[in-house]
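Report on one structure; see the data block that follows.
These numbers come from the heavy atoms of this one structure, side chains and all, not from hydrogens, waters or symmetry mates. Remember, it's a predicted structure, so these values are computed and weren't measured experimentally.
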Amino acid sequence: MTDGVQQQPAPRRLWPLWTVLVVVFLLLGCGLPALLVVGVIRENGARSTISRAGVSTADDPATAVARGLADRMTAQLQRQSTALLGGDRAGFLAVADAAAHGELRRRFAALRELKVTVWRAEPSGLPAPITDKPGEWRLLVRFQYCFVTPNCQPSPVLIGTRWRENGDQPRLIAMEESKSVETGTRPWEISDLAVAIGERTIVATTPALRGKLPGLLAQAEAAAKVADGYAVTGSPPDRYRIFYAGRTEWQRWYGGERPEWTGGYAVTVGGGHHEVVLNADGLSSSGTDDLLRHELTHAASLPERGYPGKDTWWLVEGLAEFAGADGQAVDRYEGIADVRKLVRGGWDGQLEGINPADDASAERVGGSYGVGYLAVRHLVDRYGPLRLLTFFKTVVHDRRTLDVAAEKAFGEQWSTLHDECVAYVRAAAG
């Protein structure tokens, strides 16, 4: 999806289950700000590094100046982090010029609403002077954060910061939106937030939609109990993070630009976390229950790096659909009519490649999700949920082939099981 292209919001209507389900698996990364294109930024888990081709390891005078300035900026960022975690708004603002206070107040309030428990700032490389603005510098900073849980594995985000020289205490003059190519801007960077926190979930939305929070939290907590059962590595998320987006926020959070039929998605943000976004526009209460079970199952079941590719889309979405259906009979599945149309409309009988295009019709989308659901349903009915999760883990986490996974989990050849799944789909479609 291309940054800057605005997508029309979906019409206000009650959406069947299949029109509100999509997951976006994005590998964590960052886009290089224009003024910091000095090398290649690499995310390697614990730290970010910048390599500079052809530069000596010995500091030249300019590098020595930049390094000293970076140390002073780091000290300021550490003061700001301590203030944030301590609830000291004045201290959080103290490192910045007055012109930046408005935006920083908003970030401070949003992060405190989310019950931030870890906030670490680590410069990525050295500051770069801003052209035509003497005494001003730009520094890319890797922030790591946790919400609610003090000992979580932090999620990282790379954000550009701008500074003005001021002796031993440089002044922060702006903190930019992250605008990561793969992940996009986090909600707490750009929006005021109202938050409700439960035993297993965090639900956040805008102040205008604050009244929805009690109901959403109850629905999210119920969905989390289902999703916890699909944590294939045995450890569900410490808290499921859910953001309920109004029309404007849907276009801005995490970069926006989702297919028009999207009603929700889960995005990888690092640290083993997937943050879930729901589209408030036209989403019914009953649809929200199904959608939350679906998306939280993605958050519980998927690895940080996403899934292997479109050939396994049916399995990833089928598992989430199975969780979303929550044990209902096949003939009550809302997408069954669309599966029937897809099957009768010339489907080639292959699970691989069943995923819909971004501009697919609603019927095609419903049929695709339904095929995935029915294939997974057949495997669960025949072998049970535990062996299905072994199959899922081998394919999605361990990146083994379907043939290897089928032999390991089921003791069968995948070609045979594939044909059985397809026969089940055709029979269920009638």
Side-chain angles (χ1 to χ4, degrees), residues 28-33 35-52 55 57-101 103-105 107-108 111-112 116-130 133-146 150 153-180 186 188-189 270-271:
L28 181 69
C30 70
L32 284 171
L35 294 178
L36 282 177
V37 184
V38 295
V40 178
I41 295 179
R42 298 187 178 92
E43 287 291 348
N44 55 10
R47 295 183 62 86
S48 309
T49 60
I50 292 184
S51 61
R52 291 174 170 229
V55 176
T57 56
D59 285 353
D60 56 36
T63 301
V65 169
R67 196 177 301 281
L69 185 57
D71 290 342
R72 294 192 293 276
M73 291 174 179
T74 299
Q76 292 287 70
L77 289 168
Q78 288 173 345
R79 293 186 188 102
Q80 191 181 56
S81 297
T82 299
L84 173 63
L85 296 174
D88 178 8
R89 191 178 74 169
F92 187 79
L93 301 176
V95 304
D97 277 354
H101 283 187
E103 171 58 22
L104 289 176
R105 285 191 192 96
R107 289 197 187 214
F108 179 90
L111 289 167
R112 293 295 299 177
V116 60
T117 55
V118 171
W119 185 261
R120 293 197 292 267
E122 184 178 89
S124 181
L126 297 177
I130 298 178
K133 292 187 177 181
E136 293 189 9
W137 298 74
R138 198 161 186 267
L139 177 67
L140 189 64
V141 179
R142 185 176 190 259
F143 292 92
Q144 298 187 73
Y145 61 92
C146 289
Q153 183 179 351
S155 299
V157 59
L158 287 156
I159 294 176
T161 61
R162 287 186 282 136
W163 300 80
R164 176 175 56 80
E165 291 182 35
N166 186 47
D168 289 339
Q169 295 188 330
R171 305 290 292 172
L172 179 66
I173 58 177
M175 188 174 289
E176 302 168 355
E177 298 175 21
S178 61
K179 293 184 179 178
S180 161
R186 306 320 197 252
W188 49 263
E189 294 184 71

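Without hydrogens or angle criteria, Q80 side chain to V95 main chain gives no donor-acceptor distance under 3.5 Å. Distance alone, capped at 3.5 Å, is enough to place a donor-acceptor pair between the R112 side chain and the L85 backbone. The backbone N or O of R120 sits nowhere less than 3.5 Å from a side-chain atom of S81 that would complete a donor-acceptor pair. D97 places no side-chain N or O within donor-acceptor distance of the main-chain N or O of A99, the cut-off being under 3.5 Å. A donor-acceptor pair under 3.5 Å is formed between the side chain of R171 and the backbone N or O of A96.
Distance check: L93 CG to L104 CG gives 6.0 Å after rounding to the nearest 0.5 Å. Considering CG of L77 and CG of L172, their distance stands at 7.0 Å, rounded to 0.5 Å. Within the model, atoms CD of E177 and CD1 of I159 stand 9.5 Å from one another, a figure rounded to the nearest 0.5 Å. To the nearest 0.5 angstrom, L158 atom CG is 9.5 Å from Q144 atom CD.
Closest non-hydrogen pair, I173 versus A100, comes out as O-CB, 3.5 Å. Nearest heavy atoms, S155 versus G270: OG-O, 2.9 Å. Taking both residues in full, the closest heavy atoms of L139 and P127 are given as CD1-N, 3.7 Å, listed atom of the first, atom of the second, then distance. The two residues P154 and C146 have their closest heavy-atom pair at CA-SG, 3.8 Å.
Contact of the R107 side chain with the E189 side chain is registered, since non-hydrogen atoms from C-beta on lie closer than 4.5 Å. Two residues are said to be in side-chain contact when any heavy atoms from C-beta on lie closer than 4.5 Å; F143 and M175 meet this criterion. A heavy-atom distance below 4.5 Å is not found between the side chains of E122 and T74. Counting heavy atoms from C-beta outward, V118 and Y145 have side chains that stay 4.5 Å or more apart. Contact annotation: the side chain of R79 never approaches that of T82 to less than 4.5 Å [non-hydrogen atoms, C-beta and beyond]. Counting only heavy atoms from C-beta outward, the side chains of Q76 and M73 never approach each other to under 4.5 Å. With contacts defined as side-chain heavy-atom distances shorter than 4.5 Å, the pair E176/R138 qualifies. Here the side chains of P129 and W137 are in contact, with some heavy-atom distance below 4.5 Å.
Atom CG of D71 has more than 12 neighbouring heavy atoms from other residues, nucleotides or ligands inside a 6.0 Å radius.
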